[in-house]
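Counting from 1, the numbers follow the sequence of the chain as shown.
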Amino acid sequence: MVHTGGSNQRRSLCLLQISRLRKVLPRFPNLVTFQTSRSISEEADLEFIAQTCPKLKAVNLYGVGLLPKNGLYGLSSGGGLPKLSKVSVRGRKCAGIERWLDRFPNLTYLDLGGCRGVDDNAVEAIGLLCTCLSYLNLEHADISDDGLRLLAHGGCSKTLKTLVLAHCYDITDLGLSHLQNMQCLEELDLESCGGEDTDFTDTGVIAAISSNRSLKKLNLGRLTNVSDQSMAYVAGNCPNLEILDLTGCSNVTGAGVRAFSGHRCLETLGLRDCGEFCWSDIEHMVLGCKSLKSMVLGTPPMNDSVPESISRIVTLIHEW
């Protein structure tokens with residue numbers, strides 16, 4: 001029903017039955033984190049949360065239920081939540097984001113992954129109003145190249161460190177080129193971006209990371225038009241890269257793998273369902289990249305056992 005610690009000094013609460021909101025919440029006025037996955041369809045419920053727990057810093061409404069028609073506007077009731085810095089409405093229907101974002105100027109973390117209603121208007125508002133944002137998840141958002149341009153030239157472009165664009169099917173190479181304006185990015189997720197007719201190419205990937213030498217984590221999973229050309233560029237221009245996921249990049253071959261031999265920071269490399277390479281390519285890269293701790297491969301196209309010299313690093317995942 002309710003996960004709490006039983007004290008009015010409790011700092012976090014996960015409410016499993018929204019019908020108990022008014023009975024439970026007054027017992028915990030010092031909450032810093034509030035979470036529920038249940039539907040909150042009444043704005044009055046959000047107003048009650050804000051008025052009862054004014055010290056909230058994080059609100060996690062991850063779920064599939066409804067939100068009020070004005071989104072999270074109700075949380076700004078009265079004195080609002082002046083310390084609110086982290087919001088997740090992942091999976092919800094979240095139309096009208098621009099109507100409530102300006103109420104929370106101190107947001108540093110915003111998770112809109114899988115939300116219905118996240119479009120170009122929404123990301124324009126994010127770019128303009130979220131000037132402290134360091135984490136933004138736009139997975140499955142209905143945004144275009146123009147929306148990405150508005151975001152990349154907005155106020156958050158100088159603060160954003162993590163950007164998730166996975167499964168944003170309407171973005172093309174042109175849209176990716178605008179990411180050159182985001183020079184503080186440390187994590188970029190482009191998995192399965194672009195549709196069947198707009199799949200990213202080397203041109204887009206290279207443009208996206210050309211000004212981001214601070215990148216530590218890069219996910220290019222399922223970008224089937226990305227090739228060894230991108231790998232050579234990533235290896236040479238992302239000196240701080242620690243994690244690289246190339247799962248499903250069928251045009252990345254042994255030459256692309258070898259490009260990371262000598263990289264000084266790479267720790268994890270995912271190569272499941274990639275193109276053609278042999279054990280000599282893998283061995284060359286692993287032995288040359290002293291920082292590498294883990295490499296994940298699918299069994300095909302190499303059905304032989306892992307060479308002894310790299311067995312400590314390489315993990316085979318059997319594909320069925």
Side-chain angles (χ1 to χ4, degrees), residues 67 69-73 76 84-195 197-201 203-212 214-215 218-220 223:
L67 289 176
K69 63 179 181 179
N70 288 324
L72 300 187
Y73 187 89
S76 64
L84 187 65
S85 62
K86 183 175 181 179
V87 167
S88 174
V89 286
R90 185 176 180 83
R92 304 270 189 170
K93 182 176 181 180
C94 203
I97 292 172
E98 59 274 13
R99 292 199 292 268
W100 52 266
L101 270 182
D102 64 330
R103 301 287 174 161
F104 310 108
N106 299 315
L107 283 184
T108 60
Y109 182 105
L110 182 59
D111 186 353
L112 301 173
C115 286
R116 292 170 291 165
V118 180
D119 54 16
D120 286 351
N121 290 330
V123 293
E124 181 180 13
I126 293 169
L128 290 173
L129 302 173
C130 298
T131 57
C132 301
L133 207 61
S134 62
Y135 177 98
L136 177 60
N137 188 341
L138 294 173
E139 183 178 0
H140 282 288
D142 294 322
I143 59 175
S144 68
D145 292 343
D146 192 53
L148 200 52
R149 176 186 62 81
L150 293 168
L151 178 69
H153 290 83
C156 66
S157 64
K158 307 305 179 186
T159 62
L160 205 60
K161 293 185 177 181
T162 298
L163 178 60
V164 180
L165 295 172
H167 303 280
C168 291
Y169 300 122
D170 295 327
I171 298 175
T172 71
D173 283 344
L174 176 61
L176 280 190
S177 68
H178 297 303
L179 297 185
Q180 296 175 75
N181 199 52
M182 292 183 169
Q183 300 178 15
C184 297
L185 283 179
E186 295 181 359
E187 299 186 17
L188 179 60
D189 187 346
L190 300 175
E191 181 180 358
S192 299
C193 270
D197 299 324
T198 59
D199 197 10
F200 296 155
T201 68
T203 300
V205 170
I206 291 172
I209 66 175
S210 60
S211 299
N212 286 301
S214 57
L215 274 179
L218 180 61
N219 186 352
L220 301 177
L223 300 185

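Interatomic distance, CD1 of Ile206 versus OG1 of Thr201, reported as 8.5 Å (0.5 Å rounding). The line from OG of Ser214 to CD1 of Ile209 is 11.0 Å long, rounded to the nearest 0.5 Å. The CG atom of Leu176 sits 10.5 Å away from atom OG1 of Thr203, with the distance rounded to the nearest 0.5 Å. Distance check: Trp100 CH2 to Leu67 CG gives 8.5 Å after rounding to the nearest 0.5 Å. Atoms CG and CD1, from Asp173 and Ile171 in turn, are 11.0 Å apart once rounded to the nearest 0.5 Å. The CG atom of Leu136 sits 7.5 Å away from the CE atom of Met182 when rounded to the nearest 0.5 Å.
Closest non-hydrogen pair, Cys130 versus Cys156, comes out as O-CB, 3.1 Å. Scanning both residues, Asn70 and Arg99, for their nearest heavy atoms gives OD1-NE, 3.4 Å. For Ile97 against Ala122, the heavy-atom pair with the smallest separation is CD1-CB, 3.9 Å. Counting all heavy atoms, side chain and backbone alike, Ser177 lies closest to Ala207 at CA-CB, 3.8 Å. Minimum heavy-atom separation, Leu174 to His178: O-CD2, 3.5 Å.
Take Ala125 and apply the side chain to side chain contact (heavy atoms under 4.5 Å, CB included) test, not counting sequence neighbours, and it matches Glu98, Leu101, Leu129. Under the ring pair (Phe, Tyr, Trp, His ring centres under 6.0 Å) criterion, Tyr73 pairs with no residue, sequence neighbours left out. For the side chain to side chain contact (heavy atoms under 4.5 Å, CB included) test, residues two or more places apart in sequence or in another chain that qualify with Ser88 are Asn60, Tyr62, Arg90, Asp111. Partners of Cys115 by side chain to side chain contact (heavy atoms under 4.5 Å, CB included), not counting sequence neighbours, listed by chain and number: Val89, Cys94, Leu112, Val118. Qualifying side-chain hydrogen bond (donor to acceptor under 3.5 Å, both in side chains) partners for His167, counting only residues two or more places apart in sequence or in other chains: Tyr169. For the side chain to side chain contact (heavy atoms under 4.5 Å, CB included) test, residues two or more places apart in sequence or in another chain that qualify with Asn212 are Leu185, Leu215. Judged as a side-chain hydrogen bond (donor to acceptor under 3.5 Å, both in side chains), and not counting sequence neighbours, the contacts of Asp145 are Thr172.
Contact check for Ile143 versus Leu151: no side-chain heavy atoms found under the 4.5 Å cut-off. Within the 4.5 Å cutoff, no side-chain heavy atoms of Pro105 are placed close to those of Thr131. Looking at heavy atoms from C-beta onward, Thr159 lies out of side-chain contact with Cys132 at the 4.5 angstrom threshold.
Sorted by first and then second residue, the salt bridge (Lys or Arg N to Asp or Glu O under 4.0 Å) pairs with a member in residues 119-136 form an empty list; sequence neighbours excluded. Residues in residues 148-165 take part in these salt bridge (Lys or Arg N to Asp or Glu O under 4.0 Å) pairs, two or more places apart or across chains: Asp146-Arg149. The list of side-chain hydrogen bond (donor to acceptor under 3.5 Å, both in side chains) pairs with a residue in residues 179-190, not counting sequence neighbours, reads Gln180-Ser210, Asp189-Asn219.
Thr108 places a side-chain N or O within donor-acceptor distance of the main-chain N or O of Ser85, the cut-off being under 3.5 Å. Arg92 contributes no side-chain N or O that, together with a main-chain N or O of Gly71, makes up a donor-acceptor pair within less than 3.5 Å.
Taking the six-membered ring for Trp and thresholds of 30 and 60 degrees, Tyr109 and Tyr135 have nearly parallel ring planes, at less than 30 degrees apart.
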Inset, instruction - In sequence, state the C-alpha distance, the side-chain angles, and the governing distance for Leu179 and Leu148, and then conclude on side chain to side chain contact (heavy atoms under 4.5 Å, CB included). - result: CA-CA 8 Å; Leu179 297 185; Leu148 200 52; 4.1 Å; yes

Inset, instruction - Let me see the working for Phe104 and Val87 under side chain to side chain contact (heavy atoms under 4.5 Å, CB included), right down to the final yes or no. - result: CA-CA 10 Å; Phe104 310 108; Val87 167; 5.8 Å; no

